[in-house]
Number of protein chains: 2
Amino acid sequence: MKLTSKGRYAVMALVDLARFDNINPVSLRDISLRQGISLDYLEQIFSKLKKNEIVKSIRGTQGGYVLNKNPNDIKLTNIFHAVDEKVKTVQCKKESKKGCNGKATKCITHNLWDELEIHINTFFENKSLKDLLNNNKDTRV
Amino acid sequence: MKLTSKGRYAVMALVDLARFDNINPVSLRDISLRQGISLDYLEQIFSKLKKNEIVKSIRGTQGGYVLNKNPNDIKLTNIFHAVDEKVKTVQCKKESKKGCNGKATKCITHNLWDELEIHINTFFENKSLKDLLNNNKDTRV
DNA sequence: TCTAAACTTGACCATTTTGGTCAGGTATGT
DNA sequence: ACATACCTGACCAAAATGGTCAAGTTTAGA
Ligand code: FES
Ligand code: FES
């Protein structure tokens, strides 16, 4: 089970953004330099964050991105959902009554995987961008 | 974040094994048929489980595998560790003081990822094979 | 003793996912 | 007009995944 870079970068970038967006929009270039994330990759990520209304964009010189919601209302769940970083503990479709590869019944450990998925998602639902800002005040880069 | 088939299969197979090993060793062929897992793949998995002393093997006709410990003492942690299904939320080495790709300092979200890793591992440490047996008594296949 | 069941080992491989890059474009403040 | 910065989509190399295949060795039972 590993967290992909896309998800990790998305959160890193948003924390960075949240710290600096008090006055002016923050350019991806700045985030890229501060956090050491490829600019081109950031653009892909922010395109998705924008579609999911987590950030707003301001074009042109002095443009950049701004948060579209209160940091307290942006949960990790929302961020991960936006960039398609999903928790997946089973292989079959969740909704289906059937099991993996079209079997008639779910596997013997299916309950377990459902529990696990809920356990992880709970963590994501309970963490907001605000929490992360407070949590790292002392380790500012 | 997804759970790989190797980890999922390892647990499925061990639950199956735990149910049937009361009298005789259980052959991988039987597990393969009951759980719908490729025999060749199961062999790779059990090779690792054996190295980690989770199961014992009995060769020859009527041979198979047997649990090497009390189901209560086999935690998901042990199983996943055996088959190299590890939880990895960061990209850099955990022990190192340095950050990703040789940076001087850890990233701004590093605490978060550590928390997440602990959160997930806690789940694995608290679940034993015994729990799974009880939990699924009613959904026996 | 012969044979079949079942473990053992290691190489191999197609497909998918990941983690990007690159090449254009468009909007806008100065 | 021009530099800055967002926007879009194609493209791609490397790694991980989820296996298969081949060639053994061991041992119970006929
Ligand atoms: S994971 Fe698909 S049936 Fe349980
Ligand atoms: S994940 Fe590597 S520095 Fe935080």
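The analysis underlying the following values was restricted to heavy atoms, covering all of them including side chains, and did not include hydrogens, waters or symmetry mates. Order of the sequence lines fixes the chain letters, A, B, ..., with proteins taken first and strands second; residue numbering starts at 1 for each chain.
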Colleague: Whether the side chain of B:Asn70 engages the backbone of B:Asn72 through a donor-acceptor N/O pair (distance < 3.5 Å, no angle test) should be reported.
Modeller: yes
Colleague: Say whether, by atom type as modelled, one donor and one acceptor occur between the side chain of A:Thr77 and the main chain of A:Phe124 under 3.5 angstrom.
Modeller: yes
Colleague: Is B:Met1 reachable from B:Ile118 through a run of I, L, V, M, F, W or Y residues, each pair having side-chain heavy atoms under 4.5 Å apart?
Modeller: no
Colleague: Send over the distance from B:Leu28 CG to C:dT8 P, rounded to a whole Å.
Modeller: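 Atom CG in B:Leu28 sits about 9 Å away from atom P in C:dT8.
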Colleague: Take atom CG of A:Leu39 and atom P of C:dC22, then tell me their distance rounded to the nearest Å.
Modeller: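 About 12 Å, once rounded to whole Å.
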Colleague: Please report the distance, rounded to the nearest Å, between CD in A:Gln91 and C1' in C:dT16.
Modeller: 12 Å
Colleague: Tell me: CD1 of B:Ile45 to P of C:dT9, nearest whole Å?
Modeller: 16 Å
Colleague: Tell me the interatomic distance from A:Leu33, atom CG, to D:dA5, atom C1', rounded to whole angstroms.
Modeller: 13 Å
Colleague: Heavy atoms under 4.0 Å is the rule here; annotate nucleotides 10-16 of chain D 5' to 3' with B where the base is hit, S where only the sugar-phosphate is, and - elsewhere.
Modeller: B-----S
Colleague: Around A:Lys69, counting heavy atoms of other residues, nucleotides and ligands shown, do more than 12 lie under 6.0 Å from its NZ?
Modeller: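 Above 12, so yes.
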Colleague: Say whether A:Phe46 and A:Tyr41 are linked into one hydrophobic cluster, either directly or through other cluster members, by side-chain heavy-atom distances under 4.5 angstrom.
Modeller: yes
Colleague: Which listed nucleotide (D:dA5, C:dC22, C:dA6) is nearest to the side chain of B:Arg29?
Modeller: C:dA6
Colleague: At less than 4.0 Å, is any side-chain N or O atom of A:Lys6 found next to OP1 or OP2 of C:dT18? Yes or no.
Modeller: no
Colleague: Answer yes or no: is there a donor N or O on one side and an acceptor on the other, between the side chain of B:Thr109 and the main chain of B:Leu112, under 3.5 Å?
Modeller: no
Colleague: Under 3.5 Å, which protein N or O atoms sit close to an N or O of nucleotides 28-30 of chain D? Give each pair with its distance.
Modeller:
from	atom 1	to	atom 2	distance (Å)
D:dA28	N3	B:Thr61	OG1	3.3

Colleague: Which whole-number value in Å describes the distance from B:Glu43 CD to D:dT25 P?
Modeller: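 So the CD-P distance, B:Glu43 to D:dT25, works out to 16 Å.
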Colleague: Specify the residue among A:Arg8 and A:Ile58 whose closest nucleotide of DNA chain C lies further upstream toward the 5′ end.
Modeller: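 The residue mapped nearer the 5' terminus is A:Arg8.
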Colleague: Just call it for B:Val26: base, sugar-phosphate, or nothing, with non-hydrogen atoms closer than 4.0 Å on any strand.
Modeller: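 Sugar-phosphate, no base atom in range.
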Colleague: To the nearest Å, how far apart are B:Asp40 CG and D:dT17 C1'?
Modeller: 16 Å
Colleague: Using OP1 and OP2 only, check whether a side-chain N or O of A:Tyr41 sits under 4.0 Å from C:dT18.
Modeller: no
Colleague: Can you confirm whether A:Glu53 is buried at CD, in the sense that more than 12 heavy atoms of other residues, nucleotides or ligands lie under 6.0 Å from that atom?
Modeller: no
Colleague: Can you check whether B:Tyr9 reaches B:Lys6 side chain to side chain, under 4.5 Å on heavy atoms?
Modeller: no
Colleague: Would you say A:Ser38 places a side-chain N or O within less than 4.0 Å of OP1 or OP2 belonging to C:dT21?
Modeller: yes
Colleague: What contact category does A:Phe46 fall into here, base, sugar-phosphate, or nothing, at under 4.0 angstrom with non-hydrogen atoms?
Modeller: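 No contact.
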Colleague: Output the single nucleotide from D:dC6, D:dG19, C:dC7 whose closest atom is nearest the side chain of B:Tyr9.
Modeller: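 So the side chain of B:Tyr9 is nearest to D:dG19.
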Colleague: Which comes earlier along DNA chain D counting from the 5' end, the contact point of A:Asp30 or that of A:Ser47, where each point is its nearest nucleotide?
Modeller: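 Whichever sits nearer the 5' end wins; that is A:Asp30.
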Colleague: For D:dG18, take OP1 and OP2 only and decide whether either is under 4.0 Å from a side-chain N or O of B:Ser5.
Modeller: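 Yes, because at least one side-chain N or O of B:Ser5 sits under 4.0 Å from OP1 or OP2 of D:dG18.
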Colleague: Is it possible for you to say whether B:Val66 and B:Leu28 belong to one hydrophobic cluster, with membership spreading through side-chain heavy-atom contacts below 4.5 Å?
Modeller: no
Colleague: Would you indicate what A:Ser57 reaches in the nucleic acid, counting non-hydrogen atoms under 4.0 angstrom: base, sugar-phosphate, or nothing?
Modeller: sugar-phosphate
Colleague: Atom NZ of B:Lys48 and atom P of C:dC7: how far apart are they, to the nearest Å?
Modeller: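 One finds 18 Å between P of C:dC7 and NZ of B:Lys48, rounded.
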Colleague: Should the ring pair A:His119 and B:Phe123 be called parallel, tilted or perpendicular, given that the plane angle runs from 0 to 90° and is split at 30 and 60?
Modeller: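 Tilted, since the angle between the ring planes falls between 30° and 60°.
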